[in-house]
Amino acid sequence: MMIHRMFPLIALLATPATAEVVSMAPMPMDDLWVEVPVDATFTPGPPTYDDIVAMANLDDDPAVISDREREMIALLSQVLGSAPITN
């Protein structure tokens with residue numbers, strides 16, 4: 001008979017499902033605040049091409065743009081919403 005092979009499945013189906021409900025208190029809004037450094041600067045709008053090239057600098061040599069860095073520049077351009085790069 002095949003019942004001995006189906007026993008684990010039958011046992012699993014016969015076991016009552018239990019769910020644990022975890023109650024979490026709401027987080028106070030004061031805990032969500034992040035202090036910004038005094039010397040921090042912000043520019044509105046999408047990053048410039050130079051900003052994206054600086055972010056994609058993988059080898060710490062800004063004078064050389066490798067194939068991998070070009071791929072990263074293309075990806076960052078798409079994700080960050082800057083204008084398409086023509087090269």
Side-chain angles (χ1 to χ4, degrees):
M1 289 204 113
M2 297 281 289
I3 294 179
H4 68 282
R5 290 184 183 169
M6 293 181 55
F7 183 71
L9 178 62
I10 294 170
L12 179 64
L13 294 174
T15 306
T18 59
E20 180 180 343
V21 177
V22 178
S23 174
M24 295 181 67
M27 182 182 291
M29 292 303 285
D30 294 342
D31 291 346
L32 299 176
W33 187 257
V34 176
E35 291 294 328
V36 178
V38 176
D39 59 346
T41 59
F42 302 96
T43 56
T48 64
Y49 177 75
D50 292 333
D51 294 336
I52 290 176
V53 169
M55 285 185 251
N57 186 6
L58 301 174
D59 59 2
D60 291 328
D61 185 5
V64 177
I65 298 177
S66 67
D67 290 340
R68 204 163 159 232
E69 289 173 339
R70 287 186 200 284
E71 292 173 5
M72 182 63 71
I73 290 169
L75 176 68
L76 288 172
S77 297
Q78 292 174 7
V79 170
L80 298 176
S82 65
I85 298 171
T86 57
N87 195 2

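Just so it is clear, the model here is predicted, and its values are computed rather than measured.
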J.: Any chance CG of Asp61 has more than 12 other-residue heavy atoms, nucleotides or ligands included, within less than 6.0 Å?
T.: yes

J.: Does Asn57 offer a backbone N or O that forms a donor-acceptor pair with the side chain of Glu69 under 3.5 Å?
T.: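 Here the side-chain-to-backbone pair does not exist.
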
J.: Under a 4.5 Å side-chain heavy-atom rule over Ile, Leu, Val, Met, Phe, Trp and Tyr, are Leu58 and Ile65 clustered together?
T.: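 Different clusters: Leu58 never reaches Ile65 through Ile, Leu, Val, Met, Phe, Trp or Tyr contacts under 4.5 Å.
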
J.: Just do the side-chain contact (heavy atoms from CB on, under 4.5 Å) check on Met55 and Leu80 with the steps written out, would you?
T.: CA-CA 11 Å; Met55 285 185 251; Leu80 298 176; 3.7 Å; yes

J.: Looking at Ile73 and Ile52, what are the two nearest heavy atoms and their distance?
T.: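 Taking Ile73 first and Ile52 second, the nearest heavy atoms are O-CG2, 3.8 Å.
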
